[in-house]
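Reviewing the structure listed below.
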Amino acid sequence: MTAYLLRRTGQAIVVVIGVMVLTFALIHLAPGSAARATLGTKATAERIAVFNAANGLNRPLAAQFATFVKQAAEGNFGTSYSLHEPVSTLIAQRLPRDAVLLGLSTLLALLVALPMGVYQAVRRGRAGDHMLTVLSFVLYSMPDFFFGLLLVALFSVQLHLLPSQAPQAQSVGGVLADPKALVLPVVTLALVSLASFSRYMRSSAIGVLAQDHVLVARAKGLPEHLVLRRHVLRNALLPVITVLGLAAPAIVTGAVIAESVFNYPGMGLLFYQAATSKDYPILLASTLVVGVATVLGSLLADIAYTLLDPRIRYDRG
Amino acid sequence: MPPLLDVRNLTTHIRTGRGTVRAVQDVSFTLEAGETLGLVGESGCGKSMTGLSLLGLLPPGGTLVEGSSVRLDGRELVGLPDRELRTVRGNDIAMVFQDPMTSLDPTKTIGHQVAEPVLLHRGVSRAAARERAVEVLGLVGLPQPRRRLSDYPHQLSGGQRQRALIAMALANEPRVLIADEPTTALDVTIQAQILALLADLRARLGMAMILITHDMGVTAGNTDRVNVMYAGRIAESTGTDRLFSRMRHPYTQRLLASVPRLTQDPALLLPTIPGLPPDLADPPTGCRFADRCPYATARCRAEEPQLDGTAEHRFACWHPVDGPAPAEIGGKVADAVAGAATGGGEGAAATTGLAEGPAAAGTVVRPRAPEPAAAAAPLLEARGLVREYPLRGSWLPGRDRRVVHAVSDVSFTLARGETFGLVGESGCGKTTLGRLLVGLDRPDAGAVTLEGTDIGTLRGGELRRRRRDLQMVFQDPFSSLDPRMRVSAVLREPLRIQGIGTAREQRARVAELMAEVGLPERGLDLFPHEFSGGQRQRVGLARALALTPKVIVADEPVSALDVSVRAQVLNLMKRLQAAHGLSYVVISHDLAVVRHLADRIGVMYLGRLVEVGTAAEVHRRPAHPYTAGLLAAVPVPDPAQERAKRGAGIGGELPDPAAPPSGCRFRTRCPLAQERCAREEPALRSFGPGHTAACHFPLVAPAADSPSDVAAGRP
Amino acid sequence: TGGGGSHRSISDGQSATASHGPVKRGGTVTVAEVSARPDFVFPLAPATNENGYNVNLTEGLWPFLVVAGDGAQAQVNKDRSLFSSLDWANGDKQVTIHLKPWNWSDGKPVTSRDFTFVYNLLKANYKNWNAHLQGLFPEDVAKVATPDAHTVVLDLTRSYNPDFYTDDVLSTIPLLPQHAWDKTSASGPVGDSDTTAAGAKAVYSFLQKEGAKTGGFATNPLWQVVDGPWQLKEFRSNGYYSYVPNPNYSGAKPAIDKLVVTPFTTDTPEINALRSGSSLDVAGLPLNDIAQAQALRSSGYSIASVPIPGVAEIVPNLYNASAGPLLRQLYVRQALEYLIDRPQLVSKVYNGYADPGNGPVPVKATGTWATPLEKSGGPYPYAPDKATSLLRAHGWKVVPSGKTTCRSPGTGPTQCGAGIKAGQALTFQLVYSSGRATTDQQFAAIKSSEAQAGITVNLKSEPFNTLISTLGTCTAASHPASGCGWQLASYGYDPYPLYPNGTGFFDTGGTNNYGGYSDPKMDQLIKATEYGSDKQAFFAYEDYAARQLPWLWIPLRSSILVYRSKLQGVVPLNPFNGGLNYEDWSYTS
Amino acid sequence: MTAADPGPVAAGPPVPGRPAEAGPLTAPAARRPWAAALAGNRRALAGLVLIALIALFCFAGPLLYRTDQVTVHLDLAQLPPGGGHPLGTDANGYDVLGRLMAGGRSSLELGLAVAVATTVFGTLYGAFAGYLGGIADALMMRAVDTFLAVPGLVLLLIMVSMFTPTLPGIVLLLSLLSWLSPARLVRGEVLTLRTREFVQAARMMGGTGPRVVLRHLVPNAAGVVIVSATFTVADSILMLSTLSFLGLGLPPPHADWGTMLTGGLDFLYDGSWWLVYPPAVILIATVVAFNLLGDALHDALDVRLQRT
Ligand SMILES: Nc1ncnc2c1ncn2[C@@H]1O[C@H](COP(=O)(O)OP(=O)(O)OP(=O)(O)O)[C@@H](O)[C@H]1O
Ligand SMILES: Nc1ncnc2c1ncn2[C@@H]1O[C@H](COP(=O)(O)OP(=O)(O)OP(=O)(O)O)[C@@H](O)[C@H]1O
Ligand SMILES: [Mg+2]
Ligand SMILES: [Mg+2]
Ligand code: NI
């Protein structure tokens with residue numbers, strides 16, 4: 001197991017370096033100048049020169065990359081061009097809020113999706129399965145912005161039941177203190193990811209149900225609910241963990257939408273705005289953060305997998 | 001007093017997308033305490049479904065049809081609410097399944113799984129359930145049961161897992177144990193151990209047992225009575241001895257005859273049952289065996305025979321036979337060759353009625369030199385082959401470089417037209433050796449020479465050309481053919497790759513190959529999945545023949561096939577060899593198969609070749625205790641013989657090939673082992689012409705000639 | 001003369017009038033801001049720290065010397081401005097500023113020393129000052145004198161049109177508390193560091209550094225010293241902030257207790273919040289949501305529109321490698337303009353809430369400056385047949401709905417023009433800034449109507465910042481440069497100060513003159529508007545620019561404000577700050 | 001559905017039909033088992049029928065119902081349904097029904113093009129990585145991981161600023177994001193296929209690497225590939241709508257459902273339902289249809305893979 005984890009960590013490091021090179025290259029390949037984007041319509045040649053010099057943009061790309069890597073290693077991502085704040089501060093402000101929103105919605109999605117997937121697997125081919133299948137596909141197929149707006153139109157505008165915005169507090173505590181406002185964004189994000197989780201769970205549970213050990217459990221006289229809980233759920237969960245681990249980038253993309261629909265400025269919007277205004281420090285730092293999150297996510301998923309699956313846990317040391 | 005288990009008119013239907021499968025039809029039998037009932041038959045004839053139906057464990061869409069009745073001690077189980085049925089399952093009736101690899105939950109400890117039924121049915125405390133688990137694990141002979149409790153299934157070997165499964169079934173001392181092919185997935189040696197264990201437990205606990213198997217040998221030694229099933233029905237039902245000596249149903253007769261035996265004359269073809277069991281979604285009217293029965297008449301096709309006869313011996317047949325078929329029924333190899341030459345082959349013969357192949361008797365004239373002269377250069381020679389696989393993670397600093405010793409210093413030769421058989425338990429390196437022989441893998445040391453050329457030194461085009469001479473037939477006919485290619489493309493592929501002939505010539509050759517293996521030319525347009533297992537194995541043979549090789553290495557060519565089909569393929573292999581002067585290396589863990597095909601046999605143990613000799617010699621006068629043990633473990637379809645040898649065979653399991661025992665690798669399981677065996681590695685010694693073995697304490701006296709000559713592996 | 005004059009009063013085109021109920025003092029007003037997050041509090045923002053929204057934050061704290069816009073009037077707001085009078089002398093070469101006897105929030109008086117403090121800081125740092133206009137303040141100040149604590153005398157290097165100078169220059173200068181800010185470190189003593197160039201640089205850079213620390217906006221003692229009606233109470237990094245009245249404000253104090261500005265990421269959640277009846281009291285309404293008006297009115301809101309002083313345009317890149325030669329031809333620009341149906345765009349796309357965009361001066365927001373030509377629809381009213389004949393007359397084979405190509409190349413009067421090859425098509429790529437449905441509609445319509453004369457306009461929309469990052473200034477000298485790949489660009493609009501002349505836009509080398517337009521006559525006309533007070537000079541410039549089409553004129557939307565009906569003082573709206581004169585607002589009881 | 005259940009049948013060699021051994025071969029009905037499995041699957045059928053209807057609507061519809069989807073008619077803007085416009089007109093005066101057809105064409109074309117492009121590239125990439133193994137595989141897969149770790153939105157935003165959003169441009173863009181999943185899937189598949197005996201058989205005959213990959217591995221991974229391609233169509237159509245929402249979609253007068261929906265959402269509250277719900281419904285229906293089909297194929301192919 002140690003060997004396996006060592007190898008996985010090695011791979012993760014390679015990927016993080018890859019992410020740095022890739023984003024750096026892409027960002028600098030894109031046409032347009034950061035100076036003009038930042039200085040706006042009044043960018044004179046003189047000011048552009050000052051800006052470039054101040055931010056080291058007049059140096060060769062390789063040197064810029066070296067500086068970026070060196071500073072990133074020290075945890076210094078520079079200062080945003082357009083927001084004039086240290087990027088680390090910006091991320092520190094926004095990341096936890098996003099984590100709350102995404103964490104809650106993923107949790108909710110899993111809480112619904114796992115039993116739902118197992119239920120569908122058990123009732124495979126029957127009316128209940130078909131209904132849930134179609135339902136989850138419809139949820140999956142709704143563009144998330146449309147879905148969010150529909151919910152707002154119904155629950156906030158029509159019924160005045162729930163606030164149309166996510167909590168506006170800056171701190172995580174403040175966000176959690178406003179559960180009513182969390183409902184719509186969390187539900188929107190959760191329902192959108194519900195579909196893919198439940199599909200995975202369903203097909204993985206179908207696979208497990210077909211295995212002999214389930215038959216053995218039944219032959220022992222175990223009641224069906226115990227068969228499912230003890231012998232199906234955990235086995236079926238394993239592949240889903242891997243999927244979860246890879247979900248980080250997709251979730252970030254989803255977050256942009258939720259953030260703009262529910263007015264919840266987080267990493268997604270920070271990133272989006274940085275990308276449109278060529279705010280290199282934010283762009284680089286946030287892709288790096290997401291990249292690292294993804295890599296960590298799949299690494300953690302692998303570790304979780306290892307812990308949950310004794311076949312790997314006890315594999316030769 | 002009612003019988004312990006009384007099954008009447010058990011009928012199970014399964015609704016599926018392609019119609020209703022009548023998996024079990026009108027099955028009735030009784031079972032008394034302490035009795036073992038065998039359920040035998042070909043694959044798909046409803047054996048497992050019968051067992052599952054007794055417990056009410058039907059697949060989705062499955063129902064027990066009106067009129068079915070299962071009484072346990074007079075209590076009707078059919079129609080019982082699920083809650084009450086659950087108190088029977090795992091408590092009064094327990095079941096052991098075929099595949100120990102998948103029958104245990106990989107994420108739960110053995111202790112948990114064995115204690116689970118105890119907790120469930122006995123209402124005892126967790127600690128008490130654990131104690132009971134320890135007890136039964138000890139009972140089934142798992143060493144150090146207490147330590148095993150916290151192990152996970154993957155940490156156990158196949159045999160140990162099967163023991164754990166049995167322990168689980170026995171935890172509540174059930175009155176009836178249904179064992180569904182409990183040993184099919186295991187090695188013969190382990191199979192013997194498990195069967196002995198089951199017999200012992202049954203005697204000690206006084207259980208009744210239903211033993212489901214397709215192996216007539218297993219049936220012979222381990223059952224009191226037998227139900228032969230065919231296409232969802234019982235075809236014949238009687239006491240075991242009577243079944244083997246005085247069977248009445250032609251199906252039983254044929255089934256028995258098609259099993260190759262150690263004692264049988266290899267020159268004779270095996271009798272076969274042509275065709276396949278019917279599709280149970282659409283069973284034929286009348287006798288379901290009629291299509292494959294040599295005695296079938298119009299009545300058979302119109303009218304269904306009922307299971308009738310005396311209480312001791314019931315059978316369902318309009319034209320019962322009386323006792324076993326004569327041995328010559330299969331015909332002889334030479335005749336088969338002649339038959340093929342006249343264009344019909346087995347396939348055509350199959351439909352002609354009485355027997356497969358022309359019935360006329362004749363002597364075999366094998367077109368080969370049976371006594372390879374020492375002077376004649378061998379066709380293929382393996383010299384000191386070594387192949388070791390590094391273990392995962394052994395690159396880490398601070399760890400020893402550990403390797404699996406798959407093949408260690410193996411040498412032997414193969415003469416033209418000869419068949420060399422390789423036997424040994426699973427994991428002893430047979431496949432690895434086979435791959436080395438055909439150049440699919442390269443040895444770490446040693447060399448394989450074909451007609452004097454070391455194929456290890458060949459590269460590129462030269463190697464590609466040389467490959468024509470060496471072909472391989474694989475074990476699994478389901479994975480050895482590309483499922484996306486039509487058979488015509490499969491057979492043309494070798495010709496294309498080697499650039500042999502024009503398209504037209506290639507097509508002609510492909511048609512010729514199909515005829516050669518007894519498949520109709522129409523089959524060329526089909527995909528592999530449209531064939532049965534046996535037919536696919538024929539395609540595999542045809543493909544190997546396409547390049548007219550000199551040597552064919554066949555790795556377990558029949559182990560995935562049903563008995564009846566197995567006989568057909570074995571016959572075909574013999575015929576092809578006779579017709580083309582092929583040399584075979586046949587790999588199998590089944591000594592009977594090897595004995596049937598091979599001229600000489602090599603016995604492998606943990607990567608080493610421990611004994612080599614002519615088939616007859618090895619069988620008659622095994623020198624190595626391992627060979628003797630293997631021979632003893634092979635189940636023979638003869639009740640008397642089987643019962644006599646119960647408990648014989650090899651104990652223990654194959655040691656870890658990454659850390660083989662010092663000295664003689666077999667010493668840990670050898671009844672004759674002494675301290676010398678641990679110190680000193682035995683050299684190959686001669687035990688007669690062409691018979692060598694590596695043992696310090698051989699079962700027969702070695703010949704007096706110099707060992708150095710033998711060490712080179714030259715017979 | 002002073003700032004105000006009746007000749008400057010314009011009708012804002014809106015009939016919204018204030019309801020006049022009894023005023024109830026107190027209450028909180030919550031204002032929505034869409035993607036406008038201030039991040040710099042020091043009012044003399046350097047270019048590198050300016051994001052366009054900082055003035056929203058600082059205006060209420062440190063008002064400009066001259067405050068533009070009085071209610072709906074496009075004139076100087078004398079009550080809120082810091083001067084009591086401006087006197088021009090010496091042939092409009094000298095201006096005497098009399099300051100009101102007002103106090104800072106810490107009780108100290110606002111004095112002429114505060115003006116010289118600002119002057120000294122800018123003198124030493126103007127190159128980096130975002131609001132700086134080439135050649136104007138402080139470059140054009142020959143001498144500053146402070147005869148007493150409330151009088152400043154500026155001697156200028158040349159005579160100016162007083163309207164221009166008051167409205168465009170003095171309206172960009174706030175007064176800053178020298179007694180609190182004249183230092184070079186947080187703990188250092190307050191002194192007269194600004195009087196030397198080096199000292200002024202040090203003070204500026206200290207204030208610049210402090211001004212960027214968003215965490216300290218509401219707490220740093222520096223920013224607590226204000227002379228405006230408000231004091232910053234709270235500021236969050238996401239752009240949320242709140243004001244409370246400055247208790248020591250010397251002018252008329254605000255009636256409300258607290259003003260909260262709450263940020264929105266996009267229009268969508270803002271509309272949702274309004275519609276769900278949340279706590280928003282004032283918010284902008286995107287034009288394409290104009291249909292929501294009725295629903296909003298019924299839930300207790302009023303709606304008013306206010307024209308934006310500025311000009312919307314399509315900038316032609318006269319020095320793009322492929323489109324430049326075409327666009328340099330006046331007749332091509334004329335044809336393009338003839339094919340834009342501005343009145344229809346105004347009525348259909350903008351529901352009438354837009355300036356038609358007939359020339360360089362908006363007729364609604366700064367109507368007094370609009371010439372009769374502009375008011376009557378501009379020199380190039382929608383006329384597809386004129387466009388067609390213009391092109392034919394210059395040697396083009398016009399294929400309506402097809403591809404018009406040059407039939408007779410050459411430089412003669414009936415030929416296509418220099419650099420245009422035979423068979424060349426009239427194809428342009430137009431980039432515009434994305435995010436507004438009305439803009440998409442407008443350009444789709446323009447594309448479609450240009451096709452009537454066989455002119456192909458390919459559209460590409462990009463977020464504003466992305467778009468301007470690719471917009472390099474292209475001139476005859478600089479092209480082909482890397483930033484000259486664009487052909488036609490429309491990034492929104494350019495805001496005008498009170499005096500809407502073309503400085504910086506159409507003059508050779510002007511800051512916003514991206515397309516490289518250069519015409520000596522235009523330069524001369526623009527200068528004339530800066531220096532003389534002759535209205536004819538302005539009109540001459542305006543009509544010339546309207547005809548010459550340095551840019552293609554297009555309609556400019558108005559901004560629409562939604563406010564709680566019981567909030568009074570919101571209307572009439574002041575176009576110069578989007579109508580957000582919080583200090584005039586109060587609830588009716 | 002039960003046919004798909006890997007029940008006890010799987011234990012022994014399967015018994016397809018009843019071709020007599022070495023006797024007459026009865027060819028089962030379907031040559032391609034997945035086609036047969038699909039035919040009997042209601043979900044797949046529903047998906048297929050839906051796709052066919054939508055395709056018919058989009059591609060044949062304009063032949064019957066001609067509208068001008070190029071010229072803006074502001075004077076006809078936002079007419080409610082009725083008269084000559086069964087579904088009204090939009091803010092540009094385009095007939096909504098006609099625009100749904102035109103938009104559907106580009107949405108479908110885009111989805112299919114992306115699916116084809118990513119499938120071809122991803123499959124080859126994954127197949128070679130899996131077949132080559134070792135260092136080459138490790139490097140190739142780390143490249144995939146790298147792309148996976150960069151949020152799709154980053155790539156999209158950067159790419160959008162580099163390319164003018166034209167249909168081919170967007171296809172390229174979305175393909176850049178979508179090839180990763182077929183590549184990973186195919187590689188996984190190839191890793192297991194590689195050990196199958198027919199691959200060894202091909203090598204036995206002297207088959208070369210590319211031959212093994214192209215002739216054996218790729219066709220056998222086809223199941224996985226088809227499933228993933230079907231899902232890619234759905235995902236691409238969805239992604240295009242997200243791009244439009246972010247203002248990065250195709251510029252007017254180009255039509256696609258996502259842009260229509262995004263534009264229509266501005267009128268969510270003002271009663272212009274015909275600008276919101278028709279594009280939403282057809283967009284969702286299309287995505288659902290492709291998902292149903294892909295899901296059914298997935299099930300069907302599982303059966304096949306398990307049977308052979
Ligand atoms: N879940 C199922 N759905 C449909 N048909 C099934 C199912 N399980 C078994 N069958 C059919 O029922 C018949 C009997 O199957 P069963 O498993 O009892 O055979 P068996 O004798 O145990 O064969 P084997 O030796 O291969 O285990 C077969 O024709 C099989 O195809
Ligand atoms: N590619 C490989 N990598 C690592 N170990 C291997 C590899 N192939 C085989 N082995 C190991 O080598 C040993 C011999 O395997 P081999 O497959 O040759 O045995 P076998 O006699 O053919 O067994 P079986 O009867 O189960 O087919 C086993 O312990 C196996 O685990
Ligand atoms: Mg079975
Ligand atoms: Mg093997
Ligand atoms: Ni899957």
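The basis for the numbers below is simple: all heavy atoms, side chains too, and nothing from hydrogens, waters or symmetry mates. Order of the sequence lines sets the chain letters (A, B, ...), proteins ahead of strands, with each chain counted from 1.
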- [ ] State, to 0.1 Å, how close B:Ser103 and A:Asp212 come at their nearest heavy-atom pair, and which atoms those are.
- [x] OG-CB, 3.5 Å

Task: Donor-acceptor contact below 3.5 Å, side chain A:Lys220 vs main chain B:Met168 - done: no

Open item on the list: More than 12 heavy atoms of other residues, nucleotides or ligands under 6.0 Å from CZ of B:Arg147: yes or no?
Closed with: no

Open item on the list: Ignoring hydrogens, what is the shortest heavy-atom contact between A:Gly221 and B:Arg86? Give both atom names and the distance.
Closed with: O-CD, 3.2 Å

Task: Heavy-atom check, side chain of B:His112 versus side chain of A:Arg230, under 4.5 Å - done: yes

Task: Heavy-atom proximity to chain A below 4.5 Å, by part of B:Leu120 - done: side chain

Task: Spacing of CG belonging to B:Leu165 relative to NE2 belonging to A:His213, to within rounding of 0.5 Å - done: 11.5 Å

Task: Taking every non-hydrogen atom, the tightest pair across B:Leu55 and A:Ala219 - done: CD1-CB, 4.3 Å

Open item on the list: To check you understand the geometry: which heavy-atom pair defines the closest contact between A:Arg218 and B:Arg89, and what is its length?
Closed with: O-CD, 3.2 Å

- [ ] Please tell me if the side chains of A:Pro223 and B:Asp82 come closer than 4.5 Å, counting only heavy atoms from C-beta onward.
- [x] no

Task: Heavy atoms from other residues, nucleotides or ligands near CZ of B:Arg130 exceed 12 (cutoff 6.0 Å) - done: no

- [ ] Specify the closest pair of heavy atoms between A:Leu222 and B:Glu116, including all atoms of both residues, with the distance to one decimal.
- [x] CD1-OE2, 3.2 Å

